[in-house]
Amino acid sequence: QVQLVESGGGLVQAGDSLRLSCAASVRTFSNYAMGWFRQAPGKERDPVAAISRTGISTYYADSVKGRFTISRDNAKNRVYLQMNSLKPEDTALYYCAAEFSNGLVIKVQDYDYWGQGTQVTVAS
């Protein structure tokens, strides 16, 4: 079983930065691919970024490429999402997800474990 707890969300102005953190309670964190997703009111949950268990491979949605960076610290059982140049359209509830996998996992339906989410609101 994997428990995930996100933190770091908040209310910021357009152009600001935030760093989201996800703490995982699991015996061997390095066995899990990780992902960040977001869901705005009335919309589907969409992938934002993903990282393989070693951190070698990453994925970014086109809408965040060049602005967001996903990283992980396997020694601390944490995955991060550095978000720069935030835009109002980045406003959403951001979720962390984990899946036992050797490769990248990108689709919502391919993840078994989810956190409760952290709210990011970007004011214009």
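Note that the structure is predicted; figures quoted are calculated from it, not measured. Residue numbers count from 1 along this sequence. Values below: every heavy atom of this structure, side chains too, minus hydrogens, waters and symmetry copies.
- Closest of all the heavy-atom pairs between Leu18 and Leu86 is N-CD1, 3.9 Å.
- You'll find the ring centres of Tyr111 and Phe37 inside the 6.0 Å limit.
- Taking each heavy atom of Cys96 and Met34 in turn, the nearest pair found is SG-CE, 3.5 Å.
- With hydrogens and angles disregarded, no donor-acceptor distance shorter than 3.5 Å links the side chain of Gln116 to the backbone of Val5.
- With Tyr95 as the aromatic partner, Arg38 does not meet the cation-pi criteria of under 6.0 angstrom to the ring centre and within 45 degrees of the ring axis.
- Contact annotation: the side chain of Thr69 never approaches that of Leu81 to less than 4.5 Å [non-hydrogen atoms, C-beta and beyond].
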Can Val26 and Tyr113 be said to form a side chain to side chain contact (heavy atoms under 4.5 Å, CB included), step by step?
-> CA-CA 11 Å; Val26 61; Tyr113 304 103; over 6 Å; no
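- Shown here is Gln3, whose CD atom has no more than 12 heavy atoms of other residues, nucleotides or ligands within 6.0 Å.
- Applying the side-chain contact (heavy atoms from CB on, under 4.5 Å) test to Ser85 and every residue at least two apart in sequence or in another chain returns Arg67.
- A continuous path of hydrophobic side-chain contacts links Phe100 to Val2 [ILVMFWY only; heavy atoms under 4.5 Å].
- In this structure the side chain of Leu4 never reaches within 4.5 angstrom of the side chain of Trp114, judged on heavy atoms.
- You'll find the side chain of Phe68 stays beyond 4.5 Å of the side chain of Leu20, heavy atoms only.
- At least one side-chain heavy atom of Tyr59 sits under 4.5 Å from a side-chain heavy atom of Pro47.
- Sorted by first and then second residue, the salt bridge (charged side-chain N to carboxylate O under 4.0 Å, His left out) pairs involving residues 44-63 (not counting sequence neighbours) are Asp62-Lys65.
- A donor-acceptor distance shorter than 3.5 angstrom exists from the side chain of Tyr60 to the backbone of Ile70, with no hydrogens or angles considered.
- A distance-only check finds no donor-acceptor pair linking the side chain of Glu6 to the backbone of Thr118 [under 3.5 Å].
- No side-chain donor-acceptor contact under 3.5 Å links Asp90 to the backbone of Val120.
- Two different hydrophobic clusters hold Tyr32 and Tyr80 under the rule that ILVMFWY side chains link at heavy-atom gaps under 4.5 Å.
- The side-chain tip of Arg72 points at the ring of Phe29 from less than 6.0 angstrom away and within 45° of straight on.
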Could you walk me through whether Ser17 and Gln82 pass the side chain to side chain contact (heavy atoms under 4.5 Å, CB included) test, one step at a time?
-> CA-CA 7 Å; Ser17 298; Gln82 177 66 44; 3.9 Å; yes
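- Residues Asn102 and Ser52 share a closest heavy-atom pair of O-CB, 4.5 Å.
- Between Val79 and Ile51, the closest side-chain pair of non-hydrogen atoms falls below 4.5 Å.
- Here the CG atom belonging to Leu104 is positioned 11.5 Å from the CG atom belonging to Asp110, to the nearest 0.5 angstrom.
- Residues meeting the side-chain contact (heavy atoms from CB on, under 4.5 Å) test with Ser124, sequence neighbours left out: Pro88.
- Remark: the backbone N or O of Asp112 is paired with a side-chain donor or acceptor of Glu99 at under 3.5 angstrom.
- Listed here is the closest heavy atom pair of Ala50 and Val105: CB-O, 3.3 Å.
- Between the side chain of Thr28 and the backbone N or O of Ser30 there is no donor-acceptor pair closer than 3.5 Å.
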